[in-house]
S.K.: 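Right, I'll just put the structure down here and ask away after.
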Amino acid sequence: MRNSLYVFHKLCVNITPGRWPSLLLQNRLYAKYFPDFFQNPIFRKEDQAKLIENNELSKYTTVPVLPPSASETSMHFDPLVNKVINHIMKDGNKKLARSLLEKAFENVKRKQIERYHLAKTPEQKAKIELDPKNILHKAVENSKPMLQLLPIKRGGITYQVPGPITEHRSLFLAIKWLLEATTEKERTVHFPEQFAWEIMDAANNTGKVVKRKQDLHRLCEANRAYAHYRWQ
Amino acid sequence: MSRILQLSLRHINSVTKYPNQATNELLKNCARANSNKTRTNSDDLFQEFTDWETLNKKKTVSKAMKAYLERAREHDDFMKKQEFEFTVGKRHLANMMGEDPETFTQKDVDRAIEYLFPSGIYDPAARPLMKPPEEVFPARKAAEFDEAGRPHHFLFYTGRPNFFKLLYDASEHIQNIYKFEDKVIRKKAIPDPNAKLELTSSVWYSKEELEQHLVENITELEYENFKLVMERLVSLPYSYRSKEFIEKVRKPIASQKFALEIPKPSYDEEGREYITTYECLRKKARGDVTIRSPGSGKITINGKDITYFADTQSREQVTFPLLFTGMEDRVDVECNIEGGGPSGQAGAIRWGIAWGLRSFVDKSMIDSMQVAGLLTRDPRKRERKKPGQPGARKKPTWKRR
């Protein structure tokens, strides 16, 4: 890796006359990675608007930028949706994972439109969220736990000690629970169908996942007496 | 012409830039010593005594110094010879090219060499060249010790005085910054947020560059240490106070040139502006992309519309630059693409569209596209499988026997 970087560097930036480092002769096209100073691309309109607001765009234009990766960039890119796709994915089959989530979104959309048309008053209609992406965001937000139990051994006994949870882990648990709840289904029911139900339930603050979260919170509350083991 | 062949051999020997002054002084001293020797028959006893002392002193010119002077002389001769050969060779070359030798510049030399010795060698550094000797032979250190063999530099016995002096200076800068920070804290002031060090547009010297800068060879580990120390210095809140010191060992990243060379669109028979980008490459795919303006957002890929790609990801990639610039309903796109799979083809088309769109959008949008990475080409290729292992990097499972 180091060597290949080196080669790229040499070719790109400058070539000293009269010096033939043996590294140069080992150049292979496929071994080209991007050097460390390449910046990550900022392609979302909202992120770029922030840059323009702070007058930082000109600073970034002087720096070489990595090409945006095909699977994680587009105008419709959403980091959370991408995260969920990656959790659904098995054996690197992203295409399938993505199609499953898209089907689930389609189911959500159909169900919500049905509800929209069944609603009688305009106020009721206004309350119904039709964008499946927003529903997924809401579902994950509602499924995120705020506390966690840590097994801590004191005097030969393992206590389940409640403690705070990081943002990263709570997101991980929320997505994991949503998927675990989805796999607990009858064999005749397909994944997209069940996942659609799960996210609609969680967005509504009901269902298995939200119950699981509340159970955890209750257990944390019950084990409050052990909290001091975290630092003692 | 013979120089060209010589260079490849000669560059192995390192060469010196000697300070002429030091050498001259030394020679003068020697001369004075000789003249003193002739005056030892003087009547004045005191004078005689001092003369002998001087003579004894001069006799203690160390072997190292002698060897050094010898090498210096050899090198000077060598460089003079090289210089002479270069000037003569340049004149010959000018005559061969039928140009005036007086006004024949280095640029002309390079052009002539490229014309007379067309080389298909992939690596530019390995192609024939004719450059002034100072450029071909890297600089080497001047004498590091006096006539008595005593070193000038206080870190001489480390073996790499310049390198360790750099680290020494860096640590001194760090200490100074600490002291300054303490002072600021005592005064209860806060650091100036505007005086931050701007480091995004430059990088540390690479190992080779640092070696050239220091005129010393350093090991990989020493280079890592250098980077560690400098990173530490940079991470301090008041590092801007050592800006000059830091910038001495950094080099600016080569600036992007594409903004200057945006082609003007031509007109087709219907009177529409168009631009064709050839050589749109990604993975194994290659093709060309034509953008016509004004248009209605029609995309043609090998005669089909966007359904040429079955998967959503590839379709998204093709429309990415169009949606990003907001040109999706103002231009028409035609692509011919072959080789590779859908992902590579979509990537090649994405780059081609982005590259062609530069002619139809304003400067600020080009900057935005640059920051989004749409104008960066992706040169990566599939890495080949290696014999003796199941993949490019994958090794067989370890077995005891």
Side-chain angles (χ1 to χ4, degrees), chain A residues 2 5-6 8-21 23-25 27-45 47-48 51-52 56-77 94-95 98-99 102, chain B residues 7-8 10-11 122-126 129 131 135-138 198 200-203 206-209 212 251-256 259 282 311-314 316-317 319-320 322-324 343-344 346-347 350-351 364 366-368 370-384 392:
Chain A
R2 268 281 122 189
L5 275 189
Y6 221 46
F8 188 95
H9 205 89
K10 271 258 149 195
L11 286 172
C12 266
V13 184
N14 71 328
I15 287 145
T16 358
R19 282 200 169 189
W20 303 351
L23 280 170
L24 258 178
L25 303 173
N27 175 44
R28 300 273 187 284
L29 267 175
Y30 53 74
K32 268 188 194 170
Y33 286 90
F34 291 96
D36 295 343
F37 57 78
F38 271 66
Q39 301 287 309
N40 285 328
I42 300 166
F43 60 91
R44 299 174 75 202
K45 279 287 169 189
D47 295 343
Q48 285 220 342
L51 282 186
I52 292 166
E56 281 178 348
L57 195 74
S58 55
K59 196 175 85 184
Y60 279 86
T61 49
T62 55
V63 185
V65 179
L66 290 166
S69 82
S71 64
E72 299 192 353
T73 50
S74 77
M75 290 309 284
H76 316 291
F77 178 76
K94 195 153 185 167
K95 204 171 155 183
R98 190 178 165 161
S99 74
E102 274 165 5
Chain B
L7 300 186
S8 57
R10 291 287 184 178
H11 82 273
Y122 179 76
D123 189 350
L129 64 97
K131 290 252 180 329
E135 274 183 44
V136 178
F137 302 102
E198 184 53 61
T200 46
S201 56
S202 58
V203 284
S206 68
K207 185 165 165 281
E208 265 95 51
E209 283 157 350
Q212 239 174 10
K251 130 198 110 164
I253 298 166
S255 59
Q256 309 275 316
R282 168 90 177 89
D311 55 332
T312 334
Q313 184 184 299
S314 301
E316 273 183 1
Q317 288 303 304
T319 51
F320 185 14
L322 292 168
L323 292 170
F324 183 84
S343 172
R350 184 187 83 182
W351 182 83
S364 61
I366 293 176
D367 283 351
S368 284
Q370 153 68 8
V371 173
L374 285 169
L375 301 177
T376 318
R377 198 170 244 195
D378 197 341
R380 293 173 298 171
K381 291 273 188 305
R382 176 189 161 275
E383 186 170 334
R384 63 155 289 191

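In what follows, chains carry the letters A, B, and so on, assigned in the order in which the sequence lines appear, proteins first and then strands, with residues in each chain numbered from 1.
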S.K.: Mind checking the CD1-CD spacing from A:I42 to B:Q370? Nearest 0.5 Å is all I need.
M.R.: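 It comes to 11.0 Å.
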S.K.: If you define the side chain from C-beta out and look only at heavy atoms, does anything of A:M75 sit under 4.5 Å from A:R44?
M.R.: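 No, too far: nothing below the 4.5 Å cut-off.
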S.K.: For B:Q313, is it the side chain, the backbone, both or neither that has a heavy atom under 4.5 Å from a heavy atom of chain A?
M.R.: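 For B:Q313, the contact with chain A is made by backbone and side chain together.
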S.K.: Shortest non-hydrogen contact from A:A70 to B:Q317?
M.R.: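 Looking at all heavy atoms of both residues, the closest pair is O-NE2, 2.8 Å.
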S.K.: Are there more than 12 heavy atoms of other residues, nucleotides or ligands under 6.0 Å from atom NZ of A:K95?
M.R.: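 Result for NZ/A:K95: open.
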S.K.: Please look at B:R377 and chain A and tell me whether the side chain, the backbone, both or neither of the residue comes under 4.5 angstrom of a heavy atom of that chain.
M.R.: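 Backbone only.
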S.K.: Does any heavy atom of chain B fall under 4.5 Å from the side chain of A:L66, the backbone, both, or neither of them?
M.R.: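 A:L66 touches chain B through backbone heavy atoms alone.
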S.K.: Select one option (side chain, backbone, both, neither) describing which atoms of A:R98 are under 4.5 Å from chain B's heavy atoms.
M.R.: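 When you check distances to chain B, only side chain atoms of A:R98 fall under 4.5 Å.
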S.K.: Which pair of non-hydrogen atoms, one from A:P68 and one from B:L374, has the smallest distance, and what is that distance?
M.R.: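 Looking at all heavy atoms of both residues, the closest pair is CD-N, 4.2 Å.
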S.K.: Name the region of A:K45, side chain, backbone, both or neither, that has any atom closer than 4.5 Å to a heavy atom of chain B.
M.R.: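 For A:K45, side-chain heavy atoms alone lie under 4.5 Å from chain B.
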